[in-house]
Structure formats: C-alpha cells, structure tokens
Engineer: 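First the structure, which I've put down as structure tokens, then a few questions once you've had a look.
Chain letters run A, B, ... following the sequence lines, proteins first, then strands; residues in each count from 1. Just the heavy atoms: all of them, side chains too, but no hydrogens, waters or symmetry mates, feed the values below.
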Amino acid sequence: MSLYMDVIIAGFGGQGVMLIGNLLAYAAMEQGLNITYIPVYGPEMRGGTANCTVVVAQEDIGSPIISRPKSLIVMNQPSLDKFQPKLEDDGVLILNSCLVRAEDAQPRVRAFCVPANEIANRIGSIKMANMVALGAYVAATGIVPLEAVKKSLGNVVPAHYAHLIPKNEACLQAGYDCIRA
Amino acid sequence: MNVACDIELQRKLTPGPDETLVFDAPKSLVDTPMHFCPGCQHGLIHRIVARTLDDMGLQERAIAVGSVGCSVFVYRYISMDCVEAPHGRATAVATGVKRARPGNFVYTFQGDGDLAAIGTAEAIHAANRGERISVIFVNNTTYGMTGGQMAPTTLLGQKTTTCVKGRERETAGAPIRMAELMAQLDGVAFSARVAVNSVKNIRKAEKAVRRAFEVQEQGLGFGFVEFLSTCPTNWRLDPIKANERVETEMIPCFPLGVFKEMGE
Amino acid sequence: MADAVQKKFIKGNEAIVYGALDAGCECYFAYPITPQNDIPELMSALLPERGGSFVQAESEVASANMLLGAAACGARSCTSSSSPGISLMQEAISYLAGSELPTVIVNMNRGGPGLGNLGPSQGDYFQAVKGGGHGDYRTLVLAPASGQECYDMMIEAFDLAFKYRNPVLVLGDSTVGQMKEPVVMRGPAPRNDYGAEDWRLEGARGRSPRLLKSLFLEDNSLGEHNRKLAEKYEAMQKEARAETFATEDAELVVVAFGVIGRIAKSAVRELRARGFKVGLVRPQTLYPFPSALLADLARKGRDIGRHFLTIEHNCGQMVEDVRLAVRRDADSAFFGYMPGDMPSSDDFIGPILEALENRNESKEHKE
C-alpha cells in the first residue's frame, strides 16, 4: 500500500502544537506528498486545549477528519486522556513525559516517552518542547526525513524569531536522537 | 391638451436672427411625456438635474442609479447610462459603480421612503465613507407610488392612508430631517435642502445641485441635496394648493439652506 | 506564465482569495462573519495593492448591492460571507439574476437555521440551488472539497459568471475554509469578458444610453424575459460536473458533495478494500446538477440492481435532486449527519453497509 499516515497533535494552547502540525505539513509538502491540516482551538487563546489533525499520503486524501488516528503526539495530560482511547492498536504515541504520566500509556500502543520540556530547557527554552516531540515523532514513524523538517523551519517560525532556528534545529535533533539512540 | 403637438411646437421655437434664446430643454432630458401627476414637481427636479449635467458637461460620463418609488422611471427621462437598484439600495449600488469606475460621474435619484426609511443604513454609510457620489433626494412627505402611505418624512398631523387620523409622535415618531443628519457626517462634502415652489427657490436649487455635483468631481466627498416636492394626488390638493403647502407647512418643519459645504 | 506558478500551503479561505485575484477580481465588498473572516482580511491587504477596490460594507444587504453596481460596470466583482449573511444578500442576488449581471458570491456554510452555530453544515443547499431570493431564477453553484478546488473554482466562477451573465455561488463550509492544504496557483488566468463591452455601463459617449434593470412592466415583456432566462439556464446544463470514483461495478453509489464527499470517499475506499462493491459520485456543480451523469449510472446499473445513498451534512436536501435524477431506474436512500461538528469516514461506514444491505433485501424481494 502507498504511504499514508495521520496524526493528532494535542496540548495546551501556547505549547506550539499548531506550529509543529504546520511544520510537519510543510516538510511533507517538500517531499511531494499530499497533506491536509485541520486546527481545532479551544475557546481560549492560551492555556486552553488545542489540537490539530495532519494527514500525509501519497495518493489524494479523502477525509481530513480522523476519528481513529494512527499516531498521536500529546504534550499534556488532558490530551492523553482524551485522545489515547481513540489511537489505533499499535499506533505510535509520543508522550511528553514531563507533563504526562508515562505509566498511563496503554500497552496496546507503541508509546515513546520523551522528556520534551526537560530536553528543550537544557538546549535553550521549554518553549521548544514541541520541537523535541516532533523530532521524536519523525524518528518513531519515519514519515519524513528529519532534514526536511529542519529545512521547513523557515516557513513556520516568524521572521522576528528567525535567530532561534538553530536552537529549534537542535531540539528537533535531540528529540530524534532520543528515539533513535 | 395634445402633448405631442406641444412638443412639436416647442421644437419650432428656434430663435430667429434677431432673437436670443433665454430658455430651452436640457440636452440630457429625454423629449418624452412624463408619467408624473399634474402638479408633481419631480419633472422640474429632473429638469434641474439634467440642466446641471449639461452645464458641467457630464452627460457622457454620467451613470445614474435609479431607485424604487415615483423616482423609478428616471431612466426614461434622463439620456445616460443607468442601472436600477432595489428599494433603498441606490447608494450601495452607486458605491459599487463608483468603485468600479472612479472616472465616471455617479448620482442617485431617490425618494423619501427609499432613502430615509428602507435605505437609511446604505445612505448614511455611503455618506460616512465619503463616497464620491451625489444624491438627489426628493422629499414629498409620502409614499407616492404605492398610494400615499405614511413616510418617515410625513408631517405631524398629516393624514395618509396608514395614519388616517394624522401622524402622531407617540406612535410614529416625528419627521426625519435628512439634510441636517447628513451634514453631521465627516464624509459629506455638501448637504443642502432646497425647494422648487418659487423661481427664487429654483435658482437656489440649481446652485445646490451644481455644488453637490462639483464636490464629487473635486474628490471632496459625498454630495447631498434634499428637494422638498409636492404630491398633489396623495395630498388631495390641487397643484396650486399643493405648491402653497410647501411654503406654509413643509418649510417650517424642513428649513431650507446649506447645512454643510466643504471648500476645495 | 510558468514562472508565476507556485505551490503554497494555505487555508481554503486563503485559496478563495488567491483564486479571485488570479481571476482578475477588481472589486470586493463584504461584511465580517465567522467562519470566513480570513477572506475579507486577506482581501483588504492584497486587493488594493493590485489596484482593486475593497469596501467593508455596513451589512450584507449593502455589500451585495455594491456588487450589483460594480457588476453593472462590467467589473470583476466578488463577495464572501456565511449563511446568515447570505440570507441578507438574497434580495440583491435576485436583482443580479433579473438584470443578468455577472458576480461571484462565496458562502462558507455554517449551521442554521437562525444564528445556528459556527460549525460546518450543508444546510444552505436548497437556498443555493433553488434560487434563494424571489422570482424565477437560478444561480450557478460550485462546491469545492479542497483548497485546490477553492482556488480553481474561483477562477471558473468568474468565467462562468461572464459567460452566462449570471451570479455564481461558491458553496463551501467552515471545514474547507479552515483546512490547510498545498495549493498550486498558476498566476493570472486568461480573461474572457464574453462581450461585456456591449452591455456594461461606462457612460454614453458616442453611443445611445444603456439601461440595466429587472423591471418589466410593458405587456408580455416579463414573460419574454423569463423565457429568455429559462433558455439560459437550460444552456447552463452542459456545465454540470462531478468527480466519480469506483462507480463502474458499484452496487451502491454514494452521492455526497463538498468535504462530506471526500470523507465519503475514504469510507468507500475502505469498504472497497474489504470487498464491497461501492462507489462515489461527488457533484462539483450543484446547479446545474449532474443529473444526466446520475441517470446514466442508474440506467447502466439496472442489471445489477444498483442503488444510491445520498449523504449530506443536513436533514436531506440534495437527496431530492438525486432521486429526481435516478427515478426511472433506481432510488436513493439518505443519511444525514447533523451540523455542529464534522463526521469522520467511520460515521459513514455503517450507513453505507446498511444501504447496501437494504438494497440486497429489496433485490431479493423483487426476485
């Protein structure tokens, strides 16, 4: 079967889940793949819940809405509680173990616990925990090359944060190494 | 009276070698019988507008926006491009025309039900945006075409088919004064109220229309002229009494004058 | 203009704007309403840069009438809104149709009736395809299911509007508007005004004055006008178009439009993989409706007892047109997903299997 992957990325508003959803989409687009990206916001801009669904496929994408995702990136505990039950058996789960209880990961899924906040903090700022999680996701799924993700940073990082791109790259790499090492 | 004959007669009235032409029909006015009732002043207002368009050389550049009411047949009487607007929407349509063709001269011809009731929002906001359009607003204190119902401009105590005992302030509010209201808006470059009940007032009306057209041409903003006009049929008055009513009842409620004028 | 081609990862609402601009849109008038505010926001930034005119109107009543004025001048004009705002535009749409003026109106359908909610819905199908305002008229209706179609259909919409001198509606929903996808943009599209120079208003210089109106008071003139309009609507029928998928041997054909159509496609794909003979028709034009295509599918599927299932994001509107189209040879069942949130393909699997089951039963019954 041709390449197909879908992912729900969820967390608090402000954790940058939409940003890494976009980043993954750009990287996939650079690889010549089809993508759909749908954001879902809670009523609050910050501190509320936020999630997005990204579908990546070689053939044209039917539904952009996914009820049983093949993979999941959760940045906080409520997101795990909400989305893990929907994750397919053997689905990939990237879990930010700094804010999510690792022991809550179900044995039926392929869970990868990543201390994303801690790693990001060590590199520069916990604001880049999202990048660590995405790096880990790319390592766990192989959906796109890590280099493609790094190259796409310029598309999603606002111009006034462009000087932070090297640190974002370092976080992506650290997340990746966390799984592949 | 044979109208066609009368027009024929008029055509023959070309000045001889020792004569001077002091009055003729404007070129922009179509030589055709009008549907207006005897004593109605719409025809006179059309003539003033057409004369001004001629004098300013605007006819070939003008796009008129028609409205709904007795004013609906503007396209029959004015010889220029015209688009018909839904009831009350003429200033919105004129906005679209002017935005699409800023080089053209654009004006609307609207009655009181059209501009001051159903189309108030469109009129006020086009004015407030300072659209470079000119509005000729005819206030005859009633809905003429639909049979004389109460208008937003109907005078207190005036009897109409929907206020048979006369308009009451308590239930229907008081007449709305559009020229003064328009003058409050920054986008309006010229706002005046005129009447055509006397030669003196007609002269002032001609000046006001010219100024309302000039502010558009000069890019100063929205030009607005409110005409007080008669409706003998629905007022149940003969044309002479109707003309007198303009002076005795309308002008006291709707004072004539220029309420706003921006200089170039 | 090969160098003008670019691929961007954008929202459907943004694709609407780029499509309109590449179609040569000169005037855009609108009033804000969720969930399509990306459109006026982006338009306000881009259109004036290109020499066009942007007006934030005081209401949708006004914005639609501004279209009437700009369209009368032969300008390429456009507005966008969502359901409650589109209701307010119906007066002007009727006048635009009556006066035969070309314009493009985008409706990012939200839940109704009344204020409804901000979620996606297909509740405006009837309003869009059956006229919407007063009088005997039709508007062309295009239904995008993706960002790419948002872009392409805007270009097509402007072309059809001038080709037929008629308003064209682009009916999306909040999902297609908010979803981001890669969209290939080809730069300025070739422009054909189909002889607009013969009717548009520009001032009567060196010619007799022109009049654009929908008032026909003289004896028989309105009848003649309506007949002429009807002939035009008949001529539009050839523009009907739909995406078909796996219909060749399908025992059950799902009919669904817009994003619901692509979600249904996922369900159809999954069921095909499980061995069920199901297919999909996704109408891309809702008026004209692809009736001939559906009738043909029904006729050719008679031998295998082919039936239809219409899936909509409402309580059943397009299903009436599907039933009309296939009535000689088949019928259509209906599944309605209620507005408010989006279904996933899982939500359609059950109803499709049920319709397939019922079809088998009725087939056995006949035998």
Engineer: Just wondering, are more than 12 heavy atoms of other shown residues or ligands nearer than 6.0 Å to CZ in A/Phe112?
Structural biologist: yes
Engineer: Taking C/Pro182, C/Ser266, C/Ala145, C/Gly147 one by one, which has the highest count of heavy-atom pairs under 4.5 Å against chain A?
Structural biologist: C/Pro182
Engineer: Answer with yes or no whether the side chains of C/Ser344 and A/Ser67 bring together a donor and an acceptor at under 3.5 Å.
Structural biologist: yes
Engineer: Need one label for C/Val268: side chain, backbone, both or neither, based on atoms under 4.5 Å from any heavy atom in chain A.
Structural biologist: neither
Engineer: Just list the side-chain donor-acceptor pairs under 3.5 Å for residues 273-280 of chain C, sequence neighbours left out, or say none.
Structural biologist:
from, atom 1, to, atom 2, distance (Å)
C/Arg274, NH1, C/Glu270, OE2, 3.4

Engineer: What option among C/Met179, C/Met342, C/Arg262 has the most heavy-atom pairs under 4.5 Å with chain A?
Structural biologist: C/Arg262
Engineer: Could you check if a side-chain atom of C/Val259 sits within less than 4.5 angstrom of a side-chain atom of A/Pro64, using non-hydrogen atoms only?
Structural biologist: yes
Engineer: If the condition is side-chain hydrogen bond (donor to acceptor under 3.5 Å, both in side chains), which residues does A/Arg110 pass it with, not counting sequence neighbours?
Structural biologist: none
Engineer: Could you tell me which portion of C/Thr175 (side chain, backbone, both or neither) has an atom closer than 4.5 angstrom to a non-hydrogen atom of chain A?
Structural biologist: side chain
Engineer: Are there residues of residues 20-32 of chain A whose heavy atoms fall under 4.5 Å of chain C's heavy atoms? If so, which?
Structural biologist: A/Asn22, A/Ala25, A/Tyr26, A/Met29
Engineer: Report the distance from atom CD1 of A/Ile35 to atom CZ of C/Phe9, rounding to the nearest 0.5 Å.
Structural biologist: 6.0 Å
Engineer: If you count heavy-atom pairs under 4.5 Å between each of A/Val55, A/Asn155, A/Thr36 and chain C, which one has the most?
Structural biologist: A/Thr36
Engineer: Could you tell me which non-hydrogen atom of C/Ser345 sits nearest to which non-hydrogen atom of A/Ser63, and how far apart they are?
Structural biologist: N-OG, 4.3 Å
Engineer: If you count the non-hydrogen atoms of other residues, nucleotides and ligands that lie under 6.0 Å from NZ in C/Lys7, is the total more than 12?
Structural biologist: yes
Engineer: Among all residues two or more places apart in sequence or in another chain, which pass the salt bridge (Lys or Arg N to Asp or Glu O under 4.0 Å) test with C/Asp341?
Structural biologist: none
Engineer: Could you tell me which portion of C/Lys180 (side chain, backbone, both or neither) has an atom closer than 4.5 angstrom to a non-hydrogen atom of chain A?
Structural biologist: both
Engineer: Got a sec: does the CD of C/Glu248 have more than 12 other heavy atoms crowding it under 6.0 Å?
Structural biologist: no
Engineer: Nearest 0.5 Å, please: how far is CG in C/Asp346 from CD1 in A/Ile66?
Structural biologist: 9.0 Å
Engineer: Check this for me, if you would: do C/Arg269 and A/Asp60 make a salt bridge, where the nitrogen-to-carboxylate-oxygen distance has to be below 4.0 angstrom?
Structural biologist: yes
Engineer: Can you confirm whether A/Ile126 is buried at CD1, in the sense that more than 12 heavy atoms of other residues, nucleotides or ligands lie under 6.0 Å from that atom?
Structural biologist: no
